[in-house]
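Computed from heavy atoms alone, side chains included, the values below leave out hydrogens, waters and symmetry copies.
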Amino acid sequence: MERAKLTLRRAITIILVLAFLASAALGVYSLRQNNLRMLELRDAVFTADRDDGDTGAALSSLQIYVVSHMNTRLPKLGKEKAIQLKYTYERRLAADKARVSAERATISVQGTDYCKSTFPGASFAVRSQCVEEYYAAHPVKSLEIPVELYSYDFVTPFWVPDTAGLSLLATTALFLVLLLKFTSWLIVRRTLKPTV
């Protein structure tokens with residue numbers, strides 16, 4: 001009878017150790033998979049940025065994944081935010097530059113037409129002065145486009161109930177059970193130890 005109890009205790013301990021190792025392995029594997037998936041989604045954002053794709057949808061997918069999974073902290077380069085939409089920003093600057101050039105060309109044509117009608121028989125110097133004054137009276141400015149509008153970073157939670165989080169929780173619980181079991185075994189052993 002005593003031998004059966006000892007065998008049962010050992011079997012329970014072995015099962016607990018195996019469950020601990022399995023949940024730890026699953027936790028580490030899940031953390032790694034979470035990180036790999038985050039890198040795939042981050043690369044999709046960079047590809048959409050480079051190819052003038054739908055960066056909004058790619059950013060949204062990345063954000064949802066990062067905030068709902070463990071081990072998905074975005075790698076940074078220095079103090080900059082992790083996601084820099086460099087190509088989108090450059091396209092925005094180029095579009096604004098093209099807008100400014102087009103508006104300035106339109107104002108120049110309007111100024112020439114205005115000066116021809118205002119000074120019909122005037123000399124070239126008078127018309128040139130008139131066009132310069134018209135141009136100066138209708139300035140076209142470039143927009144100030146802050147690069148921060150094209151920089152993103154998302155906060156990874158410390159713990160969430162995804163596969164990695166639940167397996168790490170189970171690993172912690174099993175570790176505590178094994179620690180208590182081992183501690184109680186030591187206490188029992190010391191109290192039953194014969195004194196000389």
Using the test salt bridge (Lys or Arg N to Asp or Glu O under 4.0 Å), find all partners of [X] that sit at least two apart in sequence or belong to another chain.
| X | value |
| --- | --- |
| Asp52 | Arg91 |
| Asp96 | Arg99 |
| Lys86 | none |

Are any of the side-chain heavy atoms of [X] and [Y] separated by less than 4.5 Å?
| X | Y | answer |
| --- | --- | --- |
| Trp159 | Leu169 | yes |
| Ile107 | Gln110 | yes |
| Phe154 | Leu59 | yes |
| Leu85 | Leu149 | no |

*Give the C-alpha distance, both sets of side-chain angles, the deciding distance and a yes or no for side chain to side chain contact (heavy atoms under 4.5 Å, CB included) between Thr72 and Leu41.*
CA-CA 11 Å; Thr72 54; Leu41 292 170; over 6 Å; no
*Quick one: which residue pairs count as a disulfide (SG to SG under 2.5 Å) with a foot in residues 89-137, not counting sequence neighbours?*
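Residue pairs passing disulfide (SG to SG under 2.5 Å), neighbours aside: Cys115-Cys130.
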*Not counting sequence neighbours, list each pair that qualifies as a disulfide (SG to SG under 2.5 Å) and has a residue in residues 11-67.*
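Not a single pair qualifies under disulfide (SG to SG under 2.5 Å).
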Do [X] and [Y] share a hydrophobic cluster (ILVMFWY, side-chain heavy atoms under 4.5 Å, transitive)?
| X | Y | result |
| --- | --- | --- |
| Leu166 | Tyr29 | no |
| Phe175 | Leu168 | no |
| Phe46 | Met38 | yes |
| Leu180 | Leu178 | no |
| Leu174 | Leu21 | yes |

*side chain to side chain contact (heavy atoms under 4.5 Å, CB included) between Val140 and Thr106, worked out*: CA-CA 11 Å; Val140 179; Thr106 301; over 6 Å; no
*Among Arg92, Lys81, Gln84, whose side-chain contact (heavy atoms from CB on, under 4.5 Å) with Tyr150 holds?*
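Of the listed options, the one satisfying the test is Arg92.
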*What do the steps show when you test Lys76 against Asp153 for side chain to side chain contact (heavy atoms under 4.5 Å, CB included), and what is the final call?*
CA-CA 9 Å; Lys76 295 183 182 183; Asp153 207 354; 2.6 Å; yes
*Considering residues, nucleotides and ligands other than Tyr87, do more than 12 of their heavy atoms fall under 6.0 Å from its OH?*
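Counting neighbours around OH of Tyr87, 12 or fewer heavy atoms of other residues, nucleotides or ligands fall under 6.0 Å, so no.
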*Please check if atom CZ in Arg104 has more than 12 non-hydrogen atoms from other residues, nucleotides or ligands closer than 6.0 Å.*
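Counting neighbours around CZ of Arg104, more than 12 heavy atoms of other residues, nucleotides or ligands fall under 6.0 Å, so yes.
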_Tyr114: partners by ring pair (Phe, Tyr, Trp, His ring centres under 6.0 Å), with sequence neighbours left out_ =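 Tyr114 satisfies ring pair (Phe, Tyr, Trp, His ring centres under 6.0 Å) with Tyr134 only.
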*Between Gly27 and Ser167, which heavy-atom pair has the shortest distance, and what is it?*
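The pair with the smallest heavy-atom distance is CA-OG, 3.3 Å.
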_Closest non-hydrogen atom pair between Ser68 and Val160, with its separation_ =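 It is O-CG2, 3.5 Å.
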_Check: Ser23 main-chain N/O paired with Thr171 side-chain donor or acceptor under 3.5 Å_ =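 Here the side-chain-to-backbone pair exists.
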*Check for a donor-acceptor pair, side chain of Asn34 on one end and backbone N or O of Asn71 on the other, with a separation under 3.5 Å.*
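No; zero donor-acceptor contacts below 3.5 Å.
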*Show your working on side chain to side chain contact (heavy atoms under 4.5 Å, CB included) between Ile83 and Asp49 and close with a plain yes or no.*
CA-CA 10 Å; Ile83 303 291; Asp49 177 40; over 6 Å; no
